[in-house]
2 protein chains.
Amino acid sequence: MKKLSEKQKKVLEFLTNYTDARGYPPSIRDIAAACKISSTSVVDYNLKVLENGGYIRRDPEVSRGIEIIESSRRREKVAEIPLLGYVAAGEPIPVPQADTWTSTPLEMIVLPDNMVTDKKAVYALKVKGTSMIDALIDDGDTILVRQTQEVRNGDMAVVWLKKEMESTLKRIYFSKTRKKVRLQPANRYMEPIYTELNNIDVQGKVVAVIRLLG
Amino acid sequence: MKKLSEKQKKVLEFLTNYTDARGYPPSIRDIAAACKISSTSVVDYNLKVLENGGYIRRDPEVSRGIEIIESSRRREKVAEIPLLGYVAAGEPIPVPQADTWTSTPLEMIVLPDNMVTDKKAVYALKVKGTSMIDALIDDGDTILVRQTQEVRNGDMAVVWLKKEMESTLKRIYFSKTRKKVRLQPANRYMEPIYTELNNIDVQGKVVAVIRLLG
DNA sequence: ATAATATTAGAACCTATGTTCTTAATTTAA
DNA sequence: TTAAATTAAGAACATAGGTTCTAATATTAT
């Protein structure tokens, strides 16, 4: 695809600005005036270039019949993630079952979709208390958890301890044999937990932490 | 505000559908055809009703000069924030000047607008190193800073220390007389900094911390 | 340098499209 | 029922605005 000339960039920029500001696209003569082009045919020419480049779509014979393609504009930039509940010290961390998933969301959190790869398998939890301060997660933070068993060494994961019957949020490290795991708090003053691999269920993986301050 | 007639609802619905589908609004005759209205003047009449009701805005003498107000549609759900630079240990934290603001952004970060009250005065910094681990901010985290002098007791702020000629990121506490300040790391093992109020410049306030993990 | 390609200019043409006026039918208010 | 709004029709008008043609000038490639 050819590179756009300065004038063409200018036209495209004006096109988006105008459309954003007014709610409808500019006429060819509007463009001419704004971009200091002296002839409508020149605008037409440059619009054809933009159209061939896939930047815009034009409908012939239609006044202001210009649609800006700009994939970034058309694409949904936001994903809505269900906030399923709270995580507090010691308490089991809620994990969505097939039913909780649809029924329970306390609210929906709007996020830019670049923070979420797979929208379906991600849920949010609000952290209550400073129980996870060791993982640099504060009271009031929101964590995004992706439901997955695939965790790699060092990932921060929501882990269900079968024997202890509770969940924790820790970094997970596997032994060489992969039979044992070390659940490591980020805080060096806290002791890691050592346990058998078959004593744990990985419920998900923390993919993001969001902290909103005053 | 008057209730809309069936026909007016139909016109408004067509208006939004058409605009969504095509990227530009319909002409009056397009509306007439789609809504089975036999005269352009009738469409004009109904558009006037819609305009008085605040549903649309019209620009006179402009073909397809219709903007759909529908507040939910117009409101941008995402804000684009400039990522201005990195913060590393000891180094002065970059603060946007009139010129840096426009020229320097490394990239734009897309955020839901509910995370940003005033889009203009907010910029993002990427944290390099663990120098701010005491404030629960890790290497690689992105912090959002709002440019403001108005900080309240306990706010996390970017503070310029005049004498020391460097910036730090600390929680700020004022003395009763407001002559002195205590700059408090979140980490209890680190000592707070005490200094005169006139030795500091508050450059901004951290409004959010975002941490993306695997 | 020469050819090919990209860009600019201006004008004329034509129709798509908003505007307006008059009249009539409906609906609502009194 | 009668009067007052509201809504609908149709036609004529004026112009906003897309199209097209010819020609000139820059840019880039050979």
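Chain identifiers are assigned alphabetically (A, B, ...) following the order of the sequence lines, protein sequences preceding nucleic acid strands; residue numbering begins at 1 within each chain.
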Would you kindly give the CG-to-P distance between L47(B) and dA8(D), to the nearest whole Å? 12 Å

What pairs with R29(B) under side chain to side chain donor-acceptor pair (under 3.5 Å), at least two apart in sequence or on another chain? none

Apply side chain to side chain contact (heavy atoms under 4.5 Å, CB included) to V202(B) and list each qualifying residue two or more places apart in sequence or on a separate chain. V151(B), A157(B), I172(B), I200(B)

Please collect all salt bridge (Lys or Arg N to Asp or Glu O under 4.0 Å) contacts where either partner lies in residues 33-42 of chain A, sequence neighbours excluded, each pair once. none

Within this structure, what is the CD1-to-C1' distance between I31(A) and dG18(D), rounded to whole angstrom? 11 Å

Here the distance between atom P of dG18(D) and atom CD of E51(A), to the nearest Å, is 13 Å

Can you tell me the distance, in whole Å, between the CG atom of L4(A) and the P atom of dT27(D)? 18 Å

Between dA6(C) atom P and E6(A) atom CD, what is the distance in whole Å? 18 Å

List the protein contact pattern of nucleotides 8-15 of chain C with one symbol per nucleotide (5' to 3'): B for base contact, S for sugar-phosphate-only contact, - for none; contact means a heavy-atom distance under 4.0 Å. BBBB----

Using 0.5 Å steps for rounding, measure from the CG atom of L183(B) to the CZ atom of R171(B). 12.5 Å

Which nucleotide sits closest to the side chain of D44(A): dG18(D), dT20(D), dT17(C)? dT20(D)

side-chain N/O S63(B) vs dA16(C) OP1/OP2, d < 4.0 Å: no

Between the opening five pairs and the closing five pairs of the helix from dA1(C)-dT30(D) to dA30(C)-dT1(D), how far apart are the helix axes, to 10°? 50°

Go through the structure and list residues passing side chain to side chain donor-acceptor pair (under 3.5 Å) with T195(B), not counting sequence neighbours. N199(B)

Going by an N to O cut-off under 4.0 Å, is there a salt bridge joining R58(A) and D44(A)? yes

Under the side chain to side chain donor-acceptor pair (under 3.5 Å) test, residues paired with D139(B) that sit two or more places apart: none

My understanding is that only residues two or more places apart in sequence, or in another chain, count here; which of them pass side chain to side chain contact (heavy atoms under 4.5 Å, CB included) with S41(B)? S39(B)

Y24(A) OH to dT17(C) C1', in whole Å, measures 14 Å

How would you list, by chain and number, every residue that makes a side chain to side chain contact (heavy atoms under 4.5 Å, CB included) with E13(A), sequence neighbours excluded? N17(A)

Report yes if a side-chain nitrogen or oxygen of R58(A) is closer than 4.0 Å to either non-bridging phosphate oxygen (OP1 or OP2) of dT19(D); otherwise report no. yes

Protein-nucleotide distance (I66(B), atom CD1; dG18(C), atom P), rounded to Å: 7 Å

Nearest-Å distance, CG (D59(B)) to C1' (dA16(D))? 13 Å

Would you please confirm or rule out a distance under 4.0 Å between OP1 or OP2 of dT17(C) and any side-chain N or O of R64(B)? yes

